[in-house]
Protein chains: 2
Amino acid sequence: MPIDMTQRSAAGTGSPTSADVARRAGVSRATVSYVLNDTAGGRVSEQTRQRVRAAADELGYIPHAAARALRAGHSGIVLLTAADIPFGPLFNKFYAELRAGLHAHGYTVVLYGDAGDGNDQGESAARAWAELRPTAVLAGPGGSLTPRSAELLKRSGTRAVITLGGPPVPGAHALLMDQREVGVVAAEHLLGRGHRSIGVIVPTDHALDLFSLPRLAGVRAAADSAGGGVTVARLDLDYTEAAAAELAARWPGLGLTALFSYNDEFAMLMMSAFQDAGLRVPADVAVVGADDVMLSRLLRPRLTTVRQTPPGGGNLADLIERLIQHPDAPLEVHDLATSRIVVRDSG
Amino acid sequence: MPIDMTQRSAAGTGSPTSADVARRAGVSRATVSYVLNDTAGGRVSEQTRQRVRAAADELGYIPHAAARALRAGHSGIVLLTAADIPFGPLFNKFYAELRAGLHAHGYTVVLYGDAGDGNDQGESAARAWAELRPTAVLAGPGGSLTPRSAELLKRSGTRAVITLGGPPVPGAHALLMDQREVGVVAAEHLLGRGHRSIGVIVPTDHALDLFSLPRLAGVRAAADSAGGGVTVARLDLDYTEAAAAELAARWPGLGLTALFSYNDEFAMLMMSAFQDAGLRVPADVAVVGADDVMLSRLLRPRLTTVRQTPPGGGNLADLIERLIQHPDAPLEVHDLATSRIVVRDSG
DNA sequence: GAGTCATCATGACACGTGTAACCAAACCGA
DNA sequence: TCGGTTTGGTTACACGTGTCATGATGACTC
């Protein structure tokens, strides 16, 4: 039996390929593929199955994702893009669940940066994403997904383009964490306690606009539907002690009795400033935060806040799978989170 | 001129390929490749260059990353893996800079989950990573990188395997954010103020062991090198108000004068508990935190803390590029961060 | 004993790209 | 005129995989 010198030995430079496995098991490469993928079409005897599996194990065979993707036409990758990644314990959990859920469907979740190279209508970012030929793209908030880039992705074979938490984009499905609802819930609580003039903190950091503006709008909407005589004041604020102290100093002149302060961190900042300025919470000013972070429980008085419960990433995975399977279905908007008030002492 | 029916038209189902571009520009596919990659080897006239570029533009040609990777043997991907993402805004910045830096070298940074499927010596996770044939793997702390998986990655063609912030792993380079140094800096500060008996908070959450234990060890080391008569007490603590209150209640019996409390969040928790228990900070107990988060500045007294300055992601990118270029260089350990004390009022 | 059928395995092609080797023509110096 | 060099481009192969169409070998039926 002559040795075929045209074939590289398994001791060569790179990883073993399916051809190496085939040689070792004494079968054809096709058979290896059928066995390792449990393909229904190819009928292979149990005996050779075992031979193939053994050979693959001994060689430490690892399939080449790129070759697979090339052949299959798509990569099985679900791209999660984000400009500013809102890393927190919340996102962390969400990501882990999403990954597990999609893994069960055979997809691979990959978090990929959003270059956002200036004002080219998101084209450069979309091109970078499209090079990977992802099966689906989940575009995080604040990224460079535009109608143009959504179109580009679809033309390159992406089956589902989905925005995650940001504003809806024409041409893409939308998954929302309805920030407006957060404002509604906060406002309804304060209105129920008899407050008729409410201040709303809006961070000056525009990176947060996607969250802050809908929350403000939610407060306004709740105030409107509560009938006349309710005033809502927008208060722009830097996240600094100096700005907070300044706002606290002019608070008495504003004629407001309650504050919805965007989130718990701003709430803590303002409560501290109010106390330094001699104002009592909640007697002089009721304060409501959002997000229910652990630290806010340390404050005295304890902070009333709005908690948003994100979806199980598993359910989300099923939803995404459905969108992938029906790429031509009409675009949908799904609301992911539910908001509810957690009443403590501050308002 | 007969139409070649064997060739798919550009109006076909998928993205245009380089063959489509070639046909449109009236040149061969090789020429297209030479032009679009600015390859030195192929000599192409300026005139045809422009024709090719125009054709590529008009067709919206996007190269197929998988095909490229297959041909090149590696994907140009730098895999950043993480099990529990313990990161905050700090990591955010780090990630953005790293991505930009490596992008300039032609690499693509991708954050990839760490499945960590139980006790298989990290093999399943490593196999999943290896399928992508990444050029380098940056393994986050708490992940499933083991000597075995490092070996597996290298055999599959990964040029550099690097741990990021976790404990060093045989077979991999190590990039540290030296947590031990944090403890040293905190302890030296307290020793300099005359404290001779120091408590050290260690969170009971073992996910944080990678940070907390080295910090504790740093305190011990500093105490040892300060000469005799210094005691260091390890204090395990849940991150709950109840546990903090309990510790504050038995504090007077411990005979300690200072507390290094792992990080700012635990410091805030304990300061709150101390005050509820009637202990004065820093008169009765000096408190030092770590990480210098914004919220800790709101506390009264203001919190003394250890700030860790991470490296510029750009420098890090250069370092990684070097490791990739010299895959057989001896393993190195690099310290990334520098720690220094930020003295405020609490200790 | 020839046809039919089920079982098991294989040969060959396609996916899209990069690049080494080759080739035609034009130019150049002697 | 002719060998040599430069210019501008093409042909052909390899990368590793999945799968269709095809074969080979017996077993079973009429």
Side-chain angles (χ1 to χ4, degrees), chain A residues 6-8 10 12-23 25-52 55-56 59 61-76 106 130-133 156-157, chain B residues 6-8 10 12-23 25-52 56 59-76 106 130-133 156-157:
Chain A
T6 68
Q7 302 280 3
R8 164 187 97 220
T13 164
S15 295
T17 75
S18 74
D20 293 322
V21 175
R23 225 175 352 264
V27 299
S28 78
R29 219 176 43 65
T31 301
V32 171
S33 175
Y34 286 134
V35 170
L36 263 35
N37 296 320
D38 277 338
T39 307
R43 284 94 37 112
V44 182
S45 72
E46 185 56 33
Q47 180 181 341
T48 47
R49 291 188 113 84
Q50 291 184 9
R51 277 221 315 283
V52 169
L59 260 49
Y61 168 67
I62 296 177
H64 196 307
R68 228 173 190 156
L70 181 57
R71 163 70 214 203
H74 66 265
S75 58
E131 287 186 3
L132 296 179
R133 298 295 192 278
S156 80
Chain B
T6 69
Q7 302 280 4
R8 168 188 91 219
T13 164
S15 294
T17 75
S18 75
D20 293 320
V21 176
R23 222 174 355 263
V27 300
S28 78
R29 219 176 41 67
T31 302
V32 171
S33 176
Y34 285 132
V35 170
L36 263 35
N37 296 321
D38 277 337
T39 307
R43 284 94 38 116
V44 182
S45 73
E46 187 55 35
Q47 181 182 340
T48 47
R49 292 188 114 83
Q50 291 184 7
R51 276 220 316 283
V52 168
L59 261 49
Y61 169 68
I62 296 177
H64 196 306
R68 232 178 186 150
L70 181 58
R71 163 68 213 201
H74 65 266
S75 58
E131 287 187 4
L132 296 179
R133 297 295 192 279
S156 80

Those residues at least two apart in sequence (or on a different chain) that pass side-chain contact (heavy atoms from CB on, under 4.5 Å) with B:Ser18 are B:Arg29, B:Val32, B:Tyr61
For a quick test of reading the model, state the closest non-hydrogen atom pair linking B:Asp20 to B:Ser15 and the distance between them. OD2-O, 4.3 Å
Between A:Arg68 and A:His64, does a side chain to side chain contact (heavy atoms under 4.5 Å, CB included) hold up when you go through it step by step? CA-CA 6 Å; A:Arg68 228 173 190 156; A:His64 196 307; over 6 Å; no
What nucleotide, of D:dT17, C:dA9, C:dG16, holds the atom closest to the side chain of A:Ala67? D:dT17
Let me know the distance between NE2 of B:His64 and P of C:dC15, rounded to the nearest Å. 11 Å
For B:Asn37 and C:dT17, give me the distance from atom CG to atom P, rounded to whole Å. 10 Å
Can you tell me the distance, in whole Å, between the CD atom of A:Gln47 and the P atom of C:dT7? 17 Å
Between CG of A:Leu36 and P of D:dT17 the distance, given in whole Å, is 10 Å
With A:Ser75 via side-chain hydrogen bond (donor to acceptor under 3.5 Å, both in side chains) - residues at least two apart: none
Mind listing the N/O atom pairs, protein and nucleotides 20-22 of chain C, below 3.5 Å?
from   : atom 1 : to      : atom 2 : distance (Å)
C:dA20 : N7     : B:Tyr34 : OH     : 3.3
C:dA20 : N6     : B:Tyr34 : OH     : 3.3

Atom pair distance, as rounded to whole Å: CZ in B:Arg71 and C1' in D:dG16: 13 Å
If you look at every strand shown and take non-hydrogen atoms under 4.0 Å, does B:Ser18 touch a base, only sugar-phosphate, or nothing? sugar-phosphate
B:Tyr61 atom OH is separated from C:dG16 atom C1', nearest whole Å, by 7 Å
Compare all side-chain heavy atoms of B:Arg49 with those of B:Asp38 and state whether any distance is below 4.5 angstrom. yes
Phosphate contact (D:dG18 OP1 or OP2) by A:Arg68 side-chain N/O below 4.0 Å: yes
When every non-hydrogen atom of A:Ser33 is compared with those of A:Thr39, the smallest separation belongs to O-OG1, 4.2 Å
Among residues at least two apart in sequence or on other chains, which ones pass side-chain hydrogen bond (donor to acceptor under 3.5 Å, both in side chains) with A:Ser156? none
With B:Thr48 via side-chain contact (heavy atoms from CB on, under 4.5 Å) - residues at least two apart: B:Val44, B:Ser45, B:Arg51
Nearest 0.5 Å, please: how far is CG in B:Leu70 from CZ in A:Arg71? 13.0 Å
Take the protein atom NE2 of B:His74 and the nucleotide atom C1' of D:dG16, then report the distance between them rounded to whole Å. 16 Å
Over its full length, what angle do the end axes of the helix from C:dG1-D:dC30 to C:dA30-D:dT1 make, each axis taken from five pairs and the result rounded to 10 degrees? 60°
If you check the B:Thr31 side chain, which of D:dT10, C:dT17, C:dC15 turns out closest? D:dT10
At their closest point, which heavy atom of A:Ala56 faces which heavy atom of A:Val21, and how far apart are they? N-CG1, 3.9 Å
Any donor-acceptor pair under 3.5 Å between the side chain of A:Arg29 and the base of C:dG11? no
Using a cut-off of 4.0 Å on non-hydrogen atoms, how would the nucleic acid contact of B:Ser33 be classed: base, sugar-phosphate, or nothing? base
OP1, OP2 of D:dG9 versus side-chain N and O of B:Ser45: anything below 4.0 Å? yes
So, is B:Thr48 close to the D:dG9 phosphate, meaning a side-chain N or O under 4.0 Å from OP1 or OP2? yes
Could you state the atom-to-atom distance from CG of B:Leu70 to P of C:dT19 in whole Å? 13 Å
Using heavy atoms to find the nearest nucleotide of DNA chain D for B:Val27 and B:Arg133 separately, return the residue whose nucleotide is more 5′. B:Val27
